[in-house]
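Okay, so here's the structure we're looking at.
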Amino acid sequence: MLSKNVEEALNAQINAEFWSAYLYLSMAAYFEAEGKSGFANWFKVQFKEEQAHAEIFMNYLNSRGGRINLRPIDAVPTTWNSPLDVFKETLAHEQKVTALINNLYAISEEEKDYATRSMLTWFIDEQVEEEENAQEYIDHLKLIGDNGYGLYQLDKELATRVYNVPAPLATKE
Ligand code: MG
């Protein structure tokens, strides 16, 4: 049986994951409008991953007999100054998500909820990757500066990203 604290924290995390999805979808729309379809593709994949994260938490809540409580999703930014600006915001956002996951882990420890703690380890590893990816593109974009050919090449590279169903969902289906 889930404690009320853990149930509430998981519901808050579901909302945070949907907010992340919404943020990345907004970034994809921004890049589409800017004629950078490769960047847009990368953020669309990111959007799908965040939706999957929300679903993983929803499946988990269900499996533990908790109640899912979907809440309104707050508005997201709609415009940025540059691709570098977008990836800087992505990194800052992922750092916030890491803190949320860590907090969730701390709550599950306080409540001696070892199943929730175990489920969260996948997310802890995932956050390392999320922050690393954002940092990698910040580094690339700093090197590129305002070199048009560099941006063109990076756009082509980002166009190749494909969505893979995250492991906890893949094994569920
Ligand atoms: Mg996420």
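Counting starts at 1 for both ligands and their atoms, following the listed order.
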Check your understanding: Does any donor atom in the side chain of Glu17 or Gln13 lie under 3.5 Å from an acceptor atom in the other side chain?
Key -> yes
Atom name of the N, O or S atom of Glu17 nearest to the Mg ion (ligand 1) is OE1
At the Mg ion (ligand 1), OE1 of Glu50 and ND1 of His53 open up to roughly (10° bins) 90°
request  = Return yes when at least one N/O/S atom of Glu130 is nearer than 2.8 Å to the Mg ion (ligand 1), and no when none is.
outcome  = no
- Task: Determine the interplanar angle of the Tyr24 and Phe43 rings, folded into 0 to 90°, and report it as parallel if under 30°, tilted if 30 to 60°, perpendicular if over 60°.
- Result: tilted
field: Donor-acceptor pair between Gln135 and Asp139 side chains, under 3.5 angstrom
entry: yes
Q. Any Lys/Arg nitrogen of Glu8 or Arg71 sitting under 4.0 Å from an Asp/Glu carboxylate oxygen of the other?
A. yes
